[in-house]
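Since the structure comes first, as C-alpha cells, the remarks are kept for the end.
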Amino acid sequence: MNERKDRETVSTLRKTYALILKKAQLYRNGGWQYARILKRTRADYESHFYAFLIDLNICLLPVYIWIIEFLLILCGILPPHVFDLLFYLMYGLLFLTSVIGLGLVTARLHGQSLGYAFTGLKLVRRDRRPAPAIQIILRQALGIGVPLMVFGIVFEIWGMFVWLLLHMCICLATPHQQNLMDLLLKLVTVRMPDDAELLKGAGQNPQPQPEPAPRQNPVRPEPKKEAPVQKKEAPEISPIDLHIRSNYSDDAQLDVEEIFKQAKARNMEIISITDHNCARANAPANRLAGLYGIQYIPGAEFDCELDGTRIRILGYYIDWTNPVFDALERDSLKREKDASMVRARLFQETTGIQIDIRSLLESSRFQVITGKDITRMVFHNEETRQLPFVRRYLDTAVSRREARRLFEHDIFGKGGPCHVRPVYPQASHIISAIHEAGGLAVLANWHLDSLSSQKLEQLVKMGIDGIEVFMTGAGEDLKVRLLDAASSSKLFITAGSDYHGPARPEEQLGVTGLPEKAEGLVRLFTRAARRQPPLNR
C-alpha cells in the first residue's frame, strides 16, 4: 500500500516537472510576449509574497530542524555535548539549501523556483525573455542565500529577520518589486501567461482545425503561397480600463460578473462599465467590486450632438440611482425604436421586400431593428437572395460576409436610401445631467479626429471635465492633439478599451493604448472624489 502511494507521488512529481519544462519551452518560443511584469498591485504583491514565503521556508528547513533538536536537548532526550555539532551542521545545511540549492533549482526550472512555480511567477530579463542560468543562480545566491547566511552568522536568528524585513522593504520601494540583485543583473519577475497565450505565442493553435474542403476544380492552378506573417507583439494590458460595455448595452454580450472575472484574471486594478445610454450595470458592478478586489468607478456613456455633430460623452462617479438616468434610457429606447420603424418602412418602400417587423422586434432585447438585422434577414432568405439588386453583391464580393457588409453600407449607411439619423439630445443637456447626478463628464474618444478645435472649446465652456485621450486605434497625432487640449484647459485624462466582448475580437479588455509613462495622468482621474469638481480652471 505504501509502495503504491510512493509510486503515485513520484509519478505526480515527474508529471509536474515535465509540465513546468513544457511551459518553459513554450514561453521561450514566443509565449514571453504575453507575460506581464509585476507592478504595485495587491494581487501582484500577494503572489510575490506567497512565492517568497514558500522559497524561504524551504531554505530555512535546516533551522527548523535545529530548533527541534535544541528542544530535544533541553528536554534531556539528546545529550548537551552534541549542541555545537548540530549547530554547525545546521549552518552547513543552510548553506546548501539557500546559497546553492535555491539557485540551482530555479535555473533548472528556467526561472521558476518552487514558490514561483506554485504562484505562476517567473524570473526573466527586463525584456521578458528568459534569463541565462548563471544570472538566475547569482541572483538567488547573492540576493537571498548569502545575505541570509551572513546576517544569521553575525546577528544570529534575529539577524535573519532583520534581513528579511530589509529585503521586503526594497521590493516594496521598487516599481516592479525587484531586490538589489534584480536591479544589478537587470532581471524582473513576471506573471506567466495562461496556457492559451503560451500556445498562441509559440505559434500553436489550442483548438483542432477542420480539414480543408476538397478542391472543386482540379485543373485550377495552385494559389501562390503567401509570405509568412510576422508575429505581432502581445498588446500591453493596462491596469486601468474606464470604457467597457456589458450586456446592458445593445451591442455587447458579457454580463457584469464575467467582466470582473476577466479583469481579475488580467490583474487589473480599476475599471468602469460604461453602457450605452444605460446606467443599470452599476448596481451589480458596485457589489462585485468588493468581492473581486477591484476598484470600480460608476459610469455610463451617452449619445448626444453638438451643432449637428454626433459625439458621445462618458459620465463617471455618477449616482446611478438618480432618476435622470431612467429618463435618458427611456428617451434612448424610444428614439431607437422610432428610428427602427422608419428604417424598416424606407426599406420596404425602396426595395419592395416585405419585412416581418414583429418577429424582428420580438427577437431584439431592446426592441430595435438595425440595418444589420434587415441585411441578415435578406441574405438568409433564398427568395430574396435571387433578387437582382441582392444577387449582384453575392456575385461580385469575395465572400458572403463581404457581400452583406457592402449591402448594409450601401443601403443603410450614410447617404444610402434607407439611412436614418435619429435626433440626439444636446451635449449641454447630457453634461448637465451628469453633473446633476454628482458625476464628471468626459468626452469619449469616438470619431474625435473629425471634431474641430472650436467645438472642443465649446465643450470646455459647457463644463466638460475630461477627455478620453487613450484608446486602442486612436492615432498618435490625435492623442497629441487631445493631450494638448486637456493640458491647456486643465481637463482630466482617461483611457478605455471600448471592450464589447467576444463579438469584437479587435477590442480586448485592458488594452487601452495607455503607455506606462502616462499612467499617472489617468490615475489622477481615478482618485477624483465623487461629487468633487475637476482641476481648477
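All values reported here derive from a predicted model rather than from experimental measurement. Reckoned from all heavy atoms, side chains included, excluding hydrogens, waters and symmetry mates.
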* Would you find more than 12 non-hydrogen atoms of other residues, nucleotides or ligands less than 6.0 Å from Arg108 atom CZ? -> no
* To do: Heavy atoms only: give me the nearest Phe492-Leu440 pair and the separation to one decimal.
  => CE1-CD1, 3.9 Å
* Verdict with supporting geometry, Glu269 and Thr526, side-chain contact (heavy atoms from CB on, under 4.5 Å) -> CA-CA 10 Å; Glu269 302 172 37; Thr526 65; over 6 Å; no
* Structure fact -> In terms of heavy-atom contacts, Val256 and Ala281 come closest through CG2-CB, 3.9 Å
* Asked: What is the minimum heavy-atom distance between Ile318 and Pro298, and which atoms define it?
  -> O-CB, 3.6 Å
* Asked: Salt-bridged, Glu468 to Arg312, with N to O below 4.0 Å?
  -> no
* Asked: Between the side chain of Arg40 and the main-chain N/O of Ala173, is any donor-acceptor distance below 3.5 Å?
  -> yes
* Asked: Between NE2 of His176 and OG1 of Thr189, what distance do you get to the nearest 0.5 Å?
  -> 11.0 Å
* Asked: Is the backbone N or O of Val188 less than 3.5 Å from a side-chain atom of Asp182, with the two atoms forming a donor-acceptor pair by type?
  -> no
* Asked: Where do Asp275 and Arg280 land on the salt bridge (Lys or Arg N to Asp or Glu O under 4.0 Å) test, with the steps shown first?
  -> CA-CA 8 Å; Asp275 281 310; Arg280 296 179 184 274; over 6 Å; no
* Asked: Below 4.5 Å, heavy atoms only, C-beta onward: do Pro515 and Glu236 meet side chain to side chain?
  -> no
* Is there a side-chain contact between Arg245 and Asp498, using heavy atoms and a 4.5 Å cut-off? -> yes
* Asked: Can you list the steps and then say if Leu456 with Leu451 is a side-chain contact (heavy atoms from CB on, under 4.5 Å)?
  -> CA-CA 7 Å; Leu456 273 175; Leu451 194 69; 4.1 Å; yes
* Is Gln177 reaching over with its side chain to a backbone N or O of Lys39, donor-acceptor style, under 3.5 angstrom? -> yes
* Look at the side chain of Asp44 and the backbone N and O of Leu38, then say whether any donor-acceptor pair between them is shorter than 3.5 Å. => no
* Is the closest side-chain donor-acceptor distance between Tyr296 and Asn282 under 3.5 Å? -> yes
* Asked: Considering only heavy atoms from C-beta outward, does the side chain of Leu184 approach that of Leu142 to under 4.5 Å?
  -> no
* To do: Measure the spacing between CG of Leu56 and OG of Ser113 and express it to the nearest 0.5 Å.
  => 11.0 Å
* **Donor-acceptor contact present, side-chain Arg266 to main-chain Leu509, <3.5 Å** => yes
* To do: Might you confirm whether atom CG of Asp127 has over 12 heavy atoms from other residues, nucleotides or ligands at distances under 6.0 Å?
  => yes
* Asked: Will you find, in the side chains of Asp241 and Thr512, an N or O donor that is under 3.5 Å from an N or O acceptor?
  -> no
* To do: Walk me through it: do Trp66 and Leu94 pass the test side-chain contact (heavy atoms from CB on, under 4.5 Å)?
  => CA-CA 10 Å; Trp66 176 79; Leu94 184 63; over 6 Å; no
* Closest non-hydrogen atom pair between Lys479 and Ala474, with its separation -> CE-O, 3.3 Å
* Side-chain (His500) to main-chain (Ala252) donor-acceptor, under 3.5 angstrom -> no
* What distance do Ser238 atom OG and Met268 atom CE have between them, rounded to the nearest 0.5 Å? -> 6.5 Å
* **Stepwise side-chain contact (heavy atoms from CB on, under 4.5 Å) test for Leu482 and Asn445** => CA-CA 9 Å; Leu482 296 179; Asn445 194 323; 3.9 Å; yes
* Taking atom CG of Asp255 and atom CG of Leu288, what is their separation to the nearest 0.5 Å? -> 9.0 Å
* **Option passing side-chain contact (heavy atoms from CB on, under 4.5 Å) with Thr106 (candidates Leu104, Leu109, Leu102)** => Leu102
* **Flag, side chain of Ser487 to backbone of Leu483, donor-acceptor distance under 3.5 Å** => no
* Asked: Would you say the ring centroid of Tyr45 lies under 6.0 angstrom from that of Phe52?
  -> no
* Got Arg139 and Asn179 here, is their nearest side-chain heavy-atom distance under 4.5 Å? -> yes
* Structure fact -> What one should report as the nearest heavy-atom pair of Arg527 and Tyr317 is N-OH, 3.9 Å
* Minimum side-chain heavy-atom gap Tyr27-His110 below 4.5 Å -> no
* **Tyr50 (side chain) donor-acceptor with Gly115 (main chain) under 3.5 angstrom** => no
* Asked: For the side-chain contact (heavy atoms from CB on, under 4.5 Å) test, which of Thr119, Val105, Leu121, Ile20 pairs with Gln112?
  -> Ile20
* Inspect the surroundings of OH in Tyr64 and state if more than 12 heavy atoms from other residues, nucleotides or ligands are less than 6.0 Å away. => yes
* Would a 4.5 Å heavy-atom cut-off, applied to side chains only, mark Phe260 and Ile271 as touching? -> yes
* Does Arg523 CZ have over 12 foreign heavy atoms under 6.0 Å away? -> yes
* **Validation row: Thr472, Gln508 side chains within 4.5 angstrom (heavy atoms)** => no
* May I ask you to test the Phe525-Ile240 pair for a side-chain heavy-atom distance under 4.5 Å? => no
* May I ask you to decide if Ser272's main-chain N or O and Tyr316's side chain share a donor-acceptor pair within less than 3.5 Å? => no
* Separation of Thr97 OG1 from Asn57 CG (nearest 0.5 Å) -> 11.5 Å
* To do: To the nearest 0.5 angstrom, please state how far the CD atom of Glu257 sits from the NZ atom of Lys264.
  => 13.0 Å
* Got a sec: does the CZ of Phe49 have more than 12 other heavy atoms crowding it under 6.0 Å? -> no
* To do: Report yes or no: does Ser489 contribute a side-chain atom to a donor-acceptor pair with the main-chain N or O of Leu491 at less than 3.5 Å?
  => no
* **Taking every non-hydrogen atom, the tightest pair across Ser47 and Arg191** => OG-NH2, 3.0 Å
